[in-house]
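Presented below is the structure to which this report refers.
Computed from a predicted structure; not experimentally measured.
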There are 2 protein chains.
Amino acid sequence: MAGDPMRRPGAGQTRRRGAALEEAILRAAADELTESGYGGMTIDKVAARAGTNKNAIYRRWPNRLALGIAAYRQLSTTVPIPDTGELRGDVLELLRGANRHWSSPLGAILRDLVAAAGGASELLAQLPEQSGDAAAAPWLTVLGRAVARGEASPEALHPRVATVAVVLLRNEFVMRGAPTAPDDVLVEIADEVYLPLVRKRATTPG
Amino acid sequence: MAGDPMRRPGAGQTRRRGAALEEAILRAAADELTESGYGGMTIDKVAARAGTNKNAIYRRWPNRLALGIAAYRQLSTTVPIPDTGELRGDVLELLRGANRHWSSPLGAILRDLVAAAGGASELLAQLPEQSGDAAAAPWLTVLGRAVARGEASPEALHPRVATVAVVLLRNEFVMRGAPTAPDDVLVEIADEVYLPLVRKRATTPG
DNA sequence: TCATTTACGGTACGGACCGTACCCTAAGTG
DNA sequence: CACTTAGGGTACGGTCCGTACCGTAAATGA
């Protein structure tokens, strides 16, 4: 399973081209990413695993980072939106999902990619979870239901407000290098920050 | 100013040792950091600029990252704590300071270092602004005064709550690769999230 | 004062990768 | 069945890390 080129060694060596080859490269790159992380994803190794060579890769992607981002996109999955019936439960569920994601190997890869992009927004934009509104969508959905139930204020239906909780959690990973945030932290973020923020609040003075 | 070894070329070449040499190396590394960023801070270049060689460096730091962190500490300065007389003014002032910091070359260096540490908490802890409570201190001070004035709720005097604003701003830098966050964003963070959060709030149901 | 130990400086090297170049050949194309 | 396009094999230059070795200046102490 590791290191086996996709080409059958002895069989009729039909030489892949175009899309077929591209998919093989992406699969190989994704495998390398999950096995060794972005730092360990070497162009030579990807080429070897895909049963091709560096030419075919550099003909398609300008550099290692671009390949890494493309490969990561194959690995990222969409988040299921919880519906526990009350806001707090949904919030904790979303936070736990994010916690699992960021503490998984996938999370480490994503952090490395973001770091390697070094603020190049045209590259960052290619990462699914950076697409801003894409990341905000589940939160807005959950909040929308809470607003309908009267649990949350309509003013909270604002991307920056809605995503506060997950941004705080992400900060835990970036600053502390924590492997996994303990559940206390999630509860604290929810109870001390997020829920007070989005619940119906009195109009504030001056 | 660039590339000049600290040793006078022709003069009596008194060979530096111990602390004197260590300081010279750190100065050279800090200069390289500001000139070329962390990615451009090469061990060879640091050694050349310090007028020494790689041995002297590797005898003191185990690798490039450790040297980078040590050098960065020399560059980081402490934040002045604003006192405008009202919470909103202080918050915006602190946010603007953070904005300047993160968008400066120093901010890029810090991001690269955090990224290179890749979650190694023993390294991250060496960075001044990661020391958690150190970063929270100005916010707690400003909030403390606001609480005394009756502008903020005492419950806000909690590191995780107090630092929410700057965490959100930092997120702007990490996710978007924005050079500088426009002032609108700071105002939005303050008015939409932070101030509603820390102002006196009614005890929440359930 | 002089032998001994310690720490620097010079230099070379192995090793890992990146990204590029060349050349041959299989796969598509008309 | 030419002809063009895209893969595959391979080699190479270049950069940088981290280590090793060896001669020598600086500290140490008898």
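Between A:Arg17 atom CZ and C:dT25 atom P the separation is 16 Å, expressed in whole Å. Taking atom CZ on B:Arg16 and atom C1' on D:dA27, their separation rounds to 17 Å, with Å as the unit.
A donor and an acceptor atom sit less than 3.5 Å apart, one in the side chain of A:Arg15 and one in the base of D:dG7.
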Counting only pairs under 3.5 Å, give me each side-chain donor-acceptor contact of residues 59-70 of chain A, with atom names and distances, residues two or more places apart or in other chains.
| unit_1 | atom_1 | unit_2 | atom_2 | d |
| --- | --- | --- | --- | --- |
| A:Arg60 | NE | A:Glu22 | OE1 | 3.1 |
| A:Arg60 | NH1 | A:Ala56 | O | 2.9 |
| A:Arg60 | NH2 | A:Gly18 | O | 3.3 |
| A:Asn63 | OD1 | A:Leu65 | N | 3.3 |
| A:Asn63 | OD1 | A:Ala66 | N | 3.0 |
| A:Arg64 | NH1 | A:Tyr38 | O | 2.7 |
| A:Arg64 | NH1 | A:Met41 | O | 3.0 |

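Of the residues in residues 39-47 of chain A, not one comes within less than 4.0 Å of DNA chain D through any heavy atom. Sorted by residue number, the members of residues 53-65 of chain A with any non-hydrogen atom under 4.0 Å from DNA chain D read A:Asn53, A:Asn55, A:Arg59, A:Arg60.
Summarising the geometry of A:Arg27 relative to A:Gln74, their closest heavy-atom pair is N-OE1, 4.3 Å, with the distance given to 0.1 Å. A:Gln126 and A:Glu122 make their closest contact through CG-O, 3.4 Å (heavy atoms, listed as atom of the first residue, atom of the second, distance).
A salt bridge links B:Glu35 and B:Arg49; the closest N-O separation between the charged side-chain nitrogens and carboxylate oxygens is under 4.0 Å.
The closest donor-acceptor contact from the side chain of B:Tyr194 to the backbone of B:Glu188 lies at 3.5 Å or more, if one exists at all. Here the side chain of B:Ser36 pairs no donor or acceptor atom with the backbone of B:Leu33 at under 3.5 angstrom. A donor-acceptor pair under 3.5 Å links the side-chain atoms of B:Glu151 to the main chain of B:Leu87, judged by distance alone.
Each of A:Thr84, A:Ile81, A:Leu95 was checked for a side-chain contact (heavy atoms from CB on, under 4.5 Å) with A:Asp90, and the lone residue meeting it is A:Thr84.
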